[in-house]
Amino acid sequence: MTKILKSSSKGSLIVLSGPSGSGKDSVCERLKEYNDNFWLSISCTTRKPRNGEEDGINYFFVSEEEFKQKIENDDLLEYAVYNNNYYGTPKSKIHEYLDKGIDVILVIEVQGALKIKHKIPEAIFIFLMPPTMKDLVYRLKKRGTETNDKIIERFKKAYIEINELSKYNYVVVNDDLDKSTRKVNSIIEAQKCRVDRIEDVYLNNAEEEIHELLIDNKEFENKDIDI
C-alpha cells in the first residue's frame, strides 16, 4: 500500500544549551544508547585544552588569529566570546549531515543559540537545567578543573542564562541522567512528526476506488474491497 504522507527526509538541527555543569556532555554521551542517528557537532575554540581533551574530538583548538580568519571567511554558523576566549560552530559538515537525514546536535552557549534561532527558527531548542543551584556548584567543584573564583563567575553566569529559558522550545531538568536523556530523545523523535515536515499528501488507486464507492452507499455495502 502506498504511503499517504511523505515527510521530509532531512535530519533535524537540535540546539542544546544550559549552564556549565548542567550535564550537557553527559546527556549527549548517554544519548548514543537510545539514538544512533545523530552527529554531535564539534565547536572550535581559542581556549586551551583541559586535561583529557583532544583536538578534533572535544573541540577544534585554534589560535585567535585562525578563529578571526574563520569569521572573515564566513565559515561559522555562529560565534561568541566567553571568558576572553572565542567559541564558534563551523558550518562545514552540518548541512551535509542534515541532507543525509542525520540529526545534528549543537551543544552551545545561550548567546550562540539565540543567534542560530534568528537564522534557523525551525531548529529544536532544548535547555538543560540542574535540579538546584546547589547541585550546580557541587558539579562544578567536582570537576576539579576550576578555581573558586572561576566557579563563582560561572555560577553568576548561570543565573543570566536561566533568564533566557523562555526563548527555548523545551526545558529538561537533569536530576537523573538516564531519565533526562530519554526525555531529550523523546523530544527529538516527536519533532519528526511535526506537520511542517510533511512535503506531500497523496492517495493511490485503492484509496481512489474507495472514494468512488462511497458515493454510492449501496454498492459500497455489498462489495468486498481489497486494499
Side-chain angles (χ1 to χ4, degrees), residues 11-32 35 38-50 53-62 64 66-68 70-71 74-98 102-130 136 139-140 143 145-146 153-154 156-172 174 180-181 183-185 187-188 191:
S12 299
L13 179 62
I14 302 104
V15 177
L16 181 65
S17 302
S20 182
S22 59
K24 300 183 293 294
D25 292 337
S26 297
V27 166
C28 288
E29 183 62 31
R30 181 65 64 87
L31 191 61
K32 296 174 184 176
N35 189 335
F38 76 90
W39 177 69
L40 187 59
S41 177
I42 302 173
S43 299
C44 56
T45 181
T46 58
R47 78 160 171 78
K48 300 298 181 183
R50 294 173 183 154
E53 289 185 332
E54 296 182 42
D55 183 52
I57 296 179
N58 303 100
Y59 285 94
F60 293 114
F61 295 101
V62 300
E64 186 170 322
E66 289 175 306
F67 198 102
K68 289 181 177 179
K70 290 180 182 295
I71 296 173
D74 195 28
D75 291 335
L76 302 173
L77 186 60
E78 58 78 32
Y79 71 91
V81 181
Y82 302 99
N83 300 322
N84 299 317
N85 289 308
Y86 285 85
Y87 292 82
T89 303
K91 287 182 180 178
S92 60
K93 292 288 185 181
I94 290 180
H95 292 294
E96 177 184 335
Y97 278 100
L98 292 176
I102 298 173
D103 299 328
V104 175
I105 299 180
L106 304 181
V107 180
I108 56 177
E109 303 281 351
V110 171
Q111 185 180 344
L114 297 182
K115 289 181 180 179
I116 290 179
K117 188 174 184 180
H118 179 72
K119 294 180 180 178
I120 313 175
E122 68 274 16
I124 306 165
F125 294 85
I126 305 173
F127 195 92
L128 196 65
M129 284 276 288
L136 185 67
R139 292 176 183 179
L140 290 173
R143 284 180 176 176
T145 59
E146 318 246 3
E153 185 178 326
R154 289 190 182 279
K156 291 179 179 178
K157 183 170 178 286
Y159 275 103
I160 297 173
E161 292 174 325
I162 290 171
N163 283 330
E164 302 292 346
L165 180 64
S166 62
K167 296 175 182 176
Y168 283 70
N169 303 120
Y170 301 93
V171 59
V172 174
N174 188 17
S180 301
T181 303
K183 286 182 179 179
V184 170
N185 187 56
I187 291 169
I188 295 172
Q191 289 299 304

State whether the number of non-hydrogen atoms from other residues, nucleotides or ligands found under 6.0 Å of [X] atom [atom1] is greater than 12.
X      : atom1 : answer
Lys156 : NZ    : no
Phe125 : CZ    : yes
Asn163 : CG    : yes

Taking all atoms of both residues into account, what is the closest heavy-atom pair of [X] and [Y], and its distance?
X      : Y      : value
Tyr168 : Ala113 : OH-CB, 3.2 Å
Ser12  : Ile124 : CB-CD1, 4.0 Å
Ile102 : Trp39  : CG2-N, 3.9 Å
Cys28  : Ile105 : SG-CG2, 4.1 Å
Tyr97  : Val104 : CB-CG2, 3.7 Å
Ser43  : Ile108 : OG-CG2, 4.2 Å

Judged by atom type as modelled, is there a donor-acceptor pair below 3.5 Å linking the side chain of [X] to the main-chain atoms of [Y]?
X      : Y      : result
Lys70  : Pro90  : no
Thr45  : Tyr86  : yes
Asn185 : Thr181 : no
Asn174 : Ser180 : no
Lys157 : Pro19  : no

How many angstroms lie between atom [atom1] of [X] and atom [atom2] of [Y], to the nearest 0.5 angstrom?
X      : Y      : atom1 : atom2 : result
Glu66  : Asp75  : CD    : CG    : 12.0 Å
Ile188 : Leu31  : CD1   : CG    : 5.0 Å
Leu16  : Ile126 : CG    : CD1   : 6.0 Å
Leu106 : Ile120 : CG    : CD1   : 8.0 Å
Phe127 : Lys24  : CZ    : NZ    : 8.5 Å
Phe61  : Glu53  : CZ    : CD    : 4.5 Å

Beyond-backbone contact of [X] with [Y], side-chain heavy atoms, under 4.5 angstrom:
X      : Y     : result
Ile94  : Ser41 : yes
Val27  : Ser22 : no
Glu109 : Tyr82 : yes

*Between Lys117 and Glu164, is there a salt bridge with N-O shorter than 4.0 Å?*
no

*Given the rule in the side chain to side chain contact (heavy atoms under 4.5 Å, CB included) test, do Lys91 and Asp74 qualify, once you have shown the distances and angles that lead to the verdict?*
CA-CA 9 Å; Lys91 287 182 180 178; Asp74 195 28; 3.1 Å; yes

